Amino acid sequence: LAAENSPNDAREIIAGVVNATQEMSARQKDLEGRLVMASTEVADLRKEIEVTRQEAATDGLTGLANRKRFDVTLRDTAAEMMEIGDNMCLLMIDIDFFKKFNDNHGHQIGDQVLKLMAFTMNECIKGQDTAARYGGEEFCVILPHTDLKPATHLANVIRESVARKNIINKASGDKLGGITLSIGVAKYNFGEPLSELIKRADTALYAAKNQGRNRVLSESDIADKLVDAQK
């Protein structure tokens, strides 16, 4: 500007600087807008990934943890309990005569029963516990920080809560009666294969079925009965 003799030339230089500054400002605002959009897209993508992850770990019918998530949670919980030296128990739950109920009333009513099971289990358990659909009409509950006696008590709470429910055909309003549960309870022994824990809970479950159904038996009950039989 100091080298320019003409005011017009100076004005042209200033106008050029102003235009360049305005263009730079516009480009900066455009870049900022693109960055905001990109950040929003990344946040949306993260939400979608989390939803997909949750869906992949959730049983589509009941909303409970599915078998895959059950396996992972059982493994992680067992490791944590072993590290801190606290108890963990497992409930194996089966709906009595569910196949017969399904055959008599149809699969839609059967699905309604499974949803009722999930709702009742979620009502009974605490936030730290994990309820899962193990397969078909069989369910599990992982109970960290829980010894065998309180786990058995909780199993009876779930059994009694379900037994009090009346199944109603939503389409017709007909009362279809109630359902009962057989439940096996086992306690994790530090360091044992988790398959052994599941096997003991499953053995207690089928012992409950063999003894008349609609009951809870723990691994301790099975052991006591075995001792009595050997006397």
Side-chain angles (χ1 to χ4, degrees), residues 57-59 61-96 98 113-163 179-227:
T58 303
D59 177 64
L61 177 65
T62 63
L64 298 177
N66 61 16
R67 177 65 180 272
K68 181 178 180 181
R69 182 176 161 200
F70 165 78
D71 291 337
V72 172
T73 303
L74 184 65
R75 180 197 66 203
D76 292 347
T77 305
E80 181 185 356
M81 294 303 102
M82 189 161 59
E83 182 179 350
I84 65 176
D86 206 350
N87 297 310
M88 179 185 80
C89 284
L90 176 67
L91 310 185
M92 295 289 286
I93 307 170
D94 192 76
I95 302 174
D96 296 327
F98 182 72
V113 169
L114 296 175
K115 291 177 182 178
L116 176 65
M117 267 292 303
F119 176 80
T120 305
M121 290 169 66
N122 280 328
E123 275 189 325
C124 295
I125 66 175
K126 296 175 289 188
Q128 65 184 6
D129 306 328
T130 300
R133 187 179 179 191
Y134 195 71
E137 68 272 22
E138 197 166 15
F139 297 82
C140 295
V141 182
I142 302 169
L143 302 171
H145 311 291
T146 308
D147 206 349
L148 194 62
K149 188 173 181 179
T152 302
H153 173 73
L154 175 62
N156 272 305
V157 169
I158 294 172
R159 181 187 62 80
E160 291 168 1
S161 296
V162 169
I179 57 171
T180 61
L181 306 177
S182 296
I183 306 178
V185 189
K187 177 182 173 182
Y188 177 58
N189 297 321
F190 293 155
E192 72 171 335
L194 293 174
S195 58
E196 290 298 315
L197 171 65
I198 295 171
K199 182 179 178 181
R200 288 200 309 281
D202 211 36
T203 299
L205 164 63
Y206 280 95
K209 284 190 172 294
N210 291 333
Q211 292 183 29
R213 295 179 168 82
N214 190 24
R215 68 189 62 221
V216 174
L217 287 179
S218 71
E219 61 179 354
S220 177
D221 297 323
I222 303 295
D224 290 344
K225 282 179 169 47
L226 182 60
V227 170

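Only this structure's heavy atoms are used, side chains among them; waters, hydrogens and symmetry mates stay out. Small disclaimer: the values here were computed from a predicted structure and weren't measured.
- Considering all non-hydrogen atoms of both residues, Ala201 and Met92 come closest at CB-CG, 3.3 Å.
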Run the side chain to side chain donor-acceptor pair (under 3.5 Å) check on Asp221 and Ser218 step by step: do they pass? CA-CA 5 Å; Asp221 297 323; Ser218 71; 3.2 Å; yes
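- Between Met117 atom CE and Leu64 atom CG the span is 8.5 Å, to the nearest 0.5 Å.
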May I have the list of side-chain donor-acceptor pairs in residues 122-129 shorter than 3.5 Å, sequence neighbours left out?
from   : atom 1 : to     : atom 2 : distance (Å)
Asn122 : ND2    : Ala118 : O      : 3.3
Gln128 : NE2    : Pro144 : O      : 3.3
Asp129 : OD2    : Lys126 : N      : 3.0

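- Note that the CD atom of Glu138 and the CG atom of Leu181 stand 11.5 Å from one another [nearest 0.5 Å].
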For side chain to side chain contact (heavy atoms under 4.5 Å, CB included), just list the numbers for Leu114 and Asp59, CA-CA rounded to whole Å, side-chain angles, deciding distance to a tenth of an Å, and then say yes or no. CA-CA 11 Å; Leu114 296 175; Asp59 177 64; over 6 Å; no
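- Distance alone, capped at 3.5 Å, places no donor-acceptor pair between the Arg159 side chain and the Val162 backbone.
- Taking CG from Asp76 and CE from Met81, the interatomic distance works out to 10.5 Å, rounded to the nearest 0.5 Å.
- A donor and an acceptor atom, one from each side chain of Ser182 and Asp96, are located under 3.5 Å apart.
- Between the Arg215 side chain and the Arg213 main chain, a donor and an acceptor come within less than 3.5 Å of each other.
- A distance of 5.0 Å separates CD1 in Ile142 from CZ in Phe70, rounded to the nearest 0.5 Å.
- With values rounded to the nearest 0.5 angstrom, Asp202 atom CG is found 7.0 Å from Tyr134 atom OH.
- Under the 3.5 Å distance criterion, the side-chain polar atoms of Asn66 are matched with a main-chain donor or acceptor of Lys68.
- Remark: side-chain polar atoms of Arg200 are paired, donor with acceptor, to backbone N or O of Lys187 under 3.5 angstrom.
- When atom types are taken as modelled, the side chain of Asn189 and the backbone of Glu192 share no donor-acceptor pair closer than 3.5 angstrom.
- Taken to the nearest 0.5 Å, the CD1 atom of Ile183 stands 10.5 Å off from the CG atom of Leu217.
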Hey, mind stepping through Thr62 and Met121 against side chain to side chain contact (heavy atoms under 4.5 Å, CB included) and telling me if it holds? CA-CA 11 Å; Thr62 63; Met121 290 169 66; over 6 Å; no
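- Within a 6.0 Å radius of CZ in Phe98, other residues, nucleotides and ligands contribute more than 12 heavy atoms.
- Val141 pairs with exactly one of Thr146, Leu90, Leu91, Val185 by the side chain to side chain contact (heavy atoms under 4.5 Å, CB included) rule, that one being Leu91.
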Quick one, Arg67 with Asp71, criterion salt bridge (Lys or Arg N to Asp or Glu O under 4.0 Å). Give me CA distance, side-chain angles, the key distance, then yes/no. CA-CA 6 Å; Arg67 177 65 180 272; Asp71 291 337; 3.5 Å; yes
Where do Ile95 and Val113 land on the side chain to side chain contact (heavy atoms under 4.5 Å, CB included) test, with the steps shown first? CA-CA 9 Å; Ile95 302 174; Val113 169; 4.1 Å; yes
